[in-house]
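For reference, the structure is listed below as structure tokens.
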Amino acid sequence: MDLGAITKYSALHAKPNGLILQYGTAGFRTKAEHLDHVMFRMGLLAVLRSKQTKSTIGVMVTASHNPEEDNGVKLVDPLGEMLAPSWEEHATCLANAEEQDMQRVLIDISEKEAVNLQQDAFVVIGRDTRPSSEKLSQSVIDGVTVLGGQFHDYGLLTTPQLHYMVYCRNTGGRYGKATIEGYYQKLSKAFVELTKQASCSGDEYRSLKVDCANGIGALKLREMEHYFSQGLSVQLFNDGSKGKLNHLCGADFVKSHQKPPQGMEIKSNERCCSFDGDADRIVYYYHDADGHFHLIDGDKIATLISSFLKELLVEIGESLNIGVVQTAYANGSSTRYLEEVMKVPVYCTKTGVKHLHHKAQEFDIGVYFEANGHGTALFSTAVEMKIKQSAEQLEDKKRKAAKMLENIIDLFNQAAGDAISDMLVIEAILALKGLTVQQWDALYTDLPNRQLKVQVADRRVISTTDAERQAVTPPGLQEAINDLVKKYKLSRAFVRPSGTEDVVRVYAEADSQGSRLVVWIFIIWPLHILLKVCAKPGQSTVSALNRESGGDIWQLSCRSLSHLRV
Ligand code: 16G
Ligand code: MG
């Protein structure tokens, strides 16, 4: 380690005084102008991680669905997974070390993790389309270089594409070729093979409108579309030619506002989808004949995928263990449908892809999705081998199903949830099953639900257990939620501190009887208590609520809270 060079270069990427950042659910994220030192230091850390694992490590510069002015960075571990938790702590320490402590922190990490500093290191880098991303990824490269690491800069990539590259490079090419061309070819070949087998290939199944959130997804889908155009024609909106990244568009906007993105014309019953800013999330939606908007979120995507996989397994005659992984945000109807109708076991983990991914690895086939549209399916190596054999050996009908499964396995990005790959999986399944978007939507009816975010003085006053479904502190909060929830059918509510923003998130759902009012009361009640405990100084409960709901809550809160005692 050339400590002199590190100190010299670090001074060119100086840390702003007093700035403390945390490696959160999906890495570091904040205003782009505060991130130069973090990028340089994550370049250093990636080299150490690469030396320790003797593998290629990825660094992605993106802030996903955050506003354009923000940016962020996350490290990708050898099998395309999120960084191991112990290294998240190292990342936080390194990012927050004062200039004069940097060397010591680097040495500490190397010693704690028994890093052989003589080992070679290789880092691959990708970035999204934010104006700040190019310069920030150059700072990552500075960090890699000063520690003697080799690197390959892929330039503009979606986040899941970078995960794919890392996975390919560390599995000797068995997973695929670590080039953008390799990614396009692998997915498109599987998709075209699958759609060739579809009996219904009318126009309805062939065309799809895609809102690209004015982000990297547009660029990459445009590059890729001619590879799969035999099976699907995509019409891109919010492609970055004029609008602002994630502004009034994209998967996060559509999911949280439960309305279509701006900049997209939707005719009734047309199938549409939205990516987020780095194209690792996808949600579908349509307008019915009466002009009502219908959102098809991650829960329904998981249901479609897992039921299709289960049907194929039955046809092949394989009894493999298949599980679905969700978070507390999964709509209660989806969980009931999966467990009771489809008889598929469902598991709940904390929010954040790393938790779901980890749980999904326990099954022969693990399908995981967050309601917000982030997810994929994982297949164990044993399953992949078994299906490959079946596709060669079984007799006709079974062979056809095994072949289909083989292609579906290739079509999933098993390194990370991937909007492009998920979109192609969904389109293939709809075409193969001859399902319209309305039929898919009708699998079950979502319980009415609401989500809210609230700023509090210190979100850490709230701690949770049971996969974030129960609040442990502040005292009294969970009891208040319980008291209220038990009065309404199929109702559920929870409060959790966000891992990506300085806010508290609140979720509630109940059956459709008096849905809107009931759901708002659910939210108002625990929040009322919550804000009494930890409101920002000078902020009144109602004004905070009112601001969050855009005024919607004011009248309701007056009426519905007047008879409740807090
Ligand atoms: C990040 C997470 C996502 C989570 C979201 C909200 C990854 C790759 N992404 O986008 O899983 O749902 O943050 O998290 O992990 P929050 O509610 O804790 O802010
Ligand atoms: Mg994202």
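These figures come from a predicted structure and were not determined experimentally. Read the numbers this way: they start at 1 and go in the same order the structure lists the ligands and their atoms. Atoms considered below: every heavy atom in the structure, side chains included; atoms not considered: hydrogens, waters and symmetry mates.
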- Message: Just to verify, what does Ser241 make a side chain to side chain donor-acceptor pair (under 3.5 Å) with, not counting sequence neighbours?
- Response: Asp239
- Note on the structure: In this structure, NZ of Lys300 is separated from OG of Ser333 (nearest 0.5 Å) by 8.0 Å
- Query: Mind checking what makes side chain to side chain donor-acceptor pair (under 3.5 Å) contact with Gln326, not counting sequence neighbours?
  - Reply: Ser334, Thr335
- What is the distance from atom CD of Glu69 to atom CG of Leu245, rounded to the nearest 0.5 Å? 9.0 Å
- Query: Leaving out waters, which are not shown anyway, how many protein N, O or S atoms lie closer than 2.8 Å to the Mg ion (ligand 2)?
  - Reply: 4
- Note on the structure: Per the under 4.0 Å non-hydrogen criterion, ligand 1 touches Thr25, Ala26, His65, Lys74, Met82, Arg281, Thr351, Gly352, Val353, Glu370, Asn372, His374, Arg496, Ser498, Gly499, Thr500, Arg505
- Tell me whether the guanidinium CZ or amine NZ of Lys359 lies under 6.0 angstrom from the six-membered ring centre of Tyr347 and within 45° of its axis. yes
- Going by the angle between their ring planes, with limits at 30° and 60°, are Phe412 and Phe379 parallel, tilted or perpendicular? tilted
- Measure the CZ-CG distance between Phe191 and Leu411 for me, rounded to the nearest 0.5 Å. 7.5 Å
- Message: With rounding to the nearest 0.5 angstrom, report the CD1 to CG distance, Ile282 to Asn372.
- Response: 12.5 Å
- Query: Is the Phe494 ring parallel, tilted or perpendicular to the Tyr329 ring (thresholds 30°, 60°)?
  - Reply: perpendicular
